[in-house]
S.K.: 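My structure is below; once you've seen it, I'll send some questions.
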Amino acid sequence: MRRMKIVSVMLAVFMLSCSVLAGCSSGNSSNGEASDANKPANAAAGNANQPADAAADNGAPAKDAEGSGASAGAVKLDIIETGNNLPTPDKDFIKQAIDKAIQTDLNLTVYASGDDYKNQLNVRMASGNFPDLFQVPDRAALKQFVDQGLLLDLTPYMDKLQDVKGFIGDESLKKTTMGGDVYAIPKAPNIPYNTYWIRKDWLDKLGLQPPSTIDEFLNVTKAFAEQDPDGNGKKDTIGLTGSKFSTFAPIFGAFGVGDPNTFYVKEGKLVNSLYDPAMKDALAFIKKLIDTGAVDPEIMANTGLQHQEKAIKGQAGIVWIDWPNLSKDQFTEQIKKVNPNADWIQLAPPKGPGGQYDGPFDAGGTSGMYAIPKALENDKEKLQKVFDLLNYVSGTDGSQLVQFGIKGTHFNLEGDKVVPTDLMGKEAGFTWLYQFTGRPEMAYLQTKFAPQSKYIEFANSQPRIQILNGFLSNPDGYNPADATRFIEEEFVKFIYGKNPIAGYDAFLKTLEASMNFKTYMDASTKQLEDLGYGK
Amino acid sequence: MVKGTNDRVVNTVVFVILFGCGLAAVFPLLYVLSVSLTPFSEVLKNGGFILIPKSITFDAYRKLLTESNIPSAFKVTVLVTVIGTILNLVVTALMAYPLSRKQLPGRKFFLMMVVFTLLFSGGIIPTYLVVKALGLLDTIWAMILPNLVWSFNVLIMKSFYESLPEELFESARIDGAKEFRILLQIVAPLSIPVTMTIGLFYTVGHWNEFFQAIMYVTDRTLFPLQVVVREILIQTQQPLENVDNMTPGETLQMASVIMASLPIIVVYPFLQKHFTKGMLLGSVKG
């Protein structure tokens, strides 16, 4: 009895202090029961709702387990990628529909931050706890995993991935080919979104026309900063904003060069923009543009969507941005709230001595690629399920599902035309997370963003410089992060007049000497020539 | 107390400086709170900067509570915090007490071991392997057990126990009490300040649980509050990831920050007096 008392005193002391400390301790109703990650966990109580095996159902309130569509024969697939806004499994109708269609139990986990995702992926790869399908962050990571022998060579399985191949196109597979073998599935090709956007109402107020050449562009930019286009009597507007060097993408384009350190074919020859003779002229013009004082002084510091904010808040008159971030209903609403007269229109790239290009577009770029770990080779059943999954989301039904949601609920078919219902906008915003092989971009956008149709068309139809960086993998001894930073720093010095542009050749020499850039150039040129470019 | 001109000047200066510091601390909080309560259109009109809201709406909070994963994440966090803190305190006390007794054989060695973990750790991947081998992946225990004991807290607690007068232990022993009983009936009641302090450390640690959740948990329903809040916050930091994404407005972001930090802010003042006492005793006499 004494012992009992001791124990109860101990518990009392600790419980008391804890409950005080924990403050609000409401709703701590349940508890998760541990189990091996590979086995379905028992749902000990409401909170642990990993889909319970039918046999393991222990009478707990299975509010979450029921909808998962997991039956006794379902194969559990672990998938990780970056993304956000994935609902919990009980509300995830896409997961439920896929599970039902191909007898799986999908466990998709998405990470909001790319860095968190890379950490998670690296740890899992290093510890042998492989996900069954995962997004490869970039081509450098792809190369690293291939070198480490962690990825399944998909080449021999191509006949099992017919639907996928048909969906994304043979050409796309080049993007994930390393040394002749395919190691990942890229998403279907995307289309360019970015253009200059300009305030039409500001132009009208100042009696200006939309600029069609770079000189006119310079004048308009200057006028926006100096002539008080918002009419508040204060000189508080900026002409041009954007994020880093992409702010000037069409200006580079007007000189016929791509953004810094991009490869493209010019007059039949493969060039890197840094070595393009027109680069100096482009820099000189950008310097002139900046010297007017009309360019947002924070462009190099703008991260994420800060340039968009400046545009929405009515501070900037021209911005280089993608159409969704300025013309989606959500944002037009915000723009109108700040200033009901604000009228943003897209601007065709201004003409320059090198032509008229609305920035670069990467022919090798992809909005994501997915790989399967080599370890899955020995688990034929699971591997087949992963193939089934990839084929399913590439086939007609599955593709429609992951694009638009459930037929009859989120969309209706009129002939071949997909007609969205109101519910699509409300509920189906996360379905893209399951588009492992991408989507037919143009048709998809036209359906989902009907009001923005003309912007989509416009951005897609502008001439672009086709760059090839997406096909490259970095050679050993070349550190892309260091080189990129060095290039950026030096370019900033040029355009802000800290270094004279006459020093450009010296900059190239330093780059080659200290950053191993020569090795990179040689390796890149060879890789691209092997793919048939510039010959 | 006699107050000379000098004193008054010094006092004024000190007061002004302290007031400035206090203001600097309150300012960002006030900003976050105000933005979270103001309609988004209003925020935008003011260039994103509002200190005193002119009109108040709870829309952002309503939206978070009904449409996001925050309510379920809240439950997970509360659960982890409560269970975690209780276990932390029990285990820490059980570790600290023997180490505080001078007659413990090999005391130096064990202390060395504890201090060793302060300076060196196994690294991410080995830790992940251990967690995996123990079958903790994808359970709430992955957020509780790997950091069950913080060596630093063991040392604070140990110092506190050492500061208790030896006579207490002697008298208890004369009355026939053994170590376990001494710990429970003599030491535990006397060490409430330090228990509170360390409990608060642990509580805050659990409340801010992020890294372990990201590493060890892939089940969405087990994500704690901070992970979900970060997901909301980070979306505007990244360029376009997908057209379908709805970027949460600043109001929503700030509301999520408030929801994540309010409980701790509310609890803090009540624990403050224990906090200083516990820390002081721990540090001075250690």
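By convention in this document, chain letters (A, B, ...) are assigned in the order of the sequence lines, proteins followed by strands, and residues within each chain are numbered from 1. What's counted below: heavy atoms across the whole structure, side chains too, no hydrogens, waters or symmetry copies.
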S.K.: How many angstroms lie between atom CD1 of Ile234(B) and atom OG1 of Thr82(A), to the nearest 0.5 angstrom?
M.R.: 10.5 Å
S.K.: Which answer fits Val228(B), side chain, backbone, both or neither, if we ask what part of it has an atom under 4.5 Å from a heavy atom of chain A?
M.R.: neither
S.K.: Please find the pair of heavy atoms, one from Asn69(B) and one from Leu86(A), that lie closest to each other, and give the distance.
M.R.: ND2-O, 3.4 Å
S.K.: Quick check on Lys244(A): does its NZ atom have over 12 non-hydrogen neighbours (other residues, nucleotides or ligands) under 6.0 Å away?
M.R.: yes
S.K.: Return the OG1 to CD1 distance between Thr218(B) and Ile80(A), rounded to the nearest 0.5 Å.
M.R.: 8.5 Å
S.K.: Between Arg220(B) and Asp92(A), does at least one N-O distance fall below 4.0 Å, as a salt bridge requires?
M.R.: no
S.K.: Given that the side chain runs from C-beta out, which part of Pro131(A) has a heavy atom under 4.5 Å from chain B: side chain, backbone, both or neither?
M.R.: neither
S.K.: Measure the OH-CD distance between Tyr128(B) and Gln120(A) for me, rounded to the nearest 0.5 Å.
M.R.: 5.5 Å
S.K.: Only one of Asn122(A), Val123(A), Asn119(A) clears side chain to side chain contact (heavy atoms under 4.5 Å, CB included) with Ile124(B); which?
M.R.: Val123(A)
S.K.: What part of Phe223(B) is in contact with chain A, defined as an atom under 4.5 angstrom from a non-hydrogen atom: side chain, backbone, both or neither?
M.R.: side chain
S.K.: Compare all side-chain heavy atoms of Met215(B) with those of Asp116(A) and state whether any distance is below 4.5 angstrom.
M.R.: no
S.K.: Can you tell me if Glu231(B) uses its side chain to pair, donor with acceptor, with the backbone of Asn85(A) under 3.5 Å?
M.R.: yes
S.K.: Atom OG in Ser127(A), atom NZ in Lys132(B): separation rounded to 0.5 Å?
M.R.: 5.5 Å
S.K.: Got a second to check how far Leu222(B)'s CG is from Thr88(A)'s OG1, nearest 0.5 Å?
M.R.: 11.5 Å
S.K.: Nearest 0.5 angstrom please: Arg124(A) CZ to Ile125(B) CD1, how far?
M.R.: 13.5 Å
S.K.: Counting heavy-atom pairs under 4.5 Å with chain B, which one of Asn190(A), Asn339(A), Ile321(A), Val338(A) comes out on top?
M.R.: Val338(A)
S.K.: Pick one of side chain, backbone, both or neither for Ile312(A), based on which atoms fall under 4.5 Å of a heavy atom in chain B.
M.R.: side chain
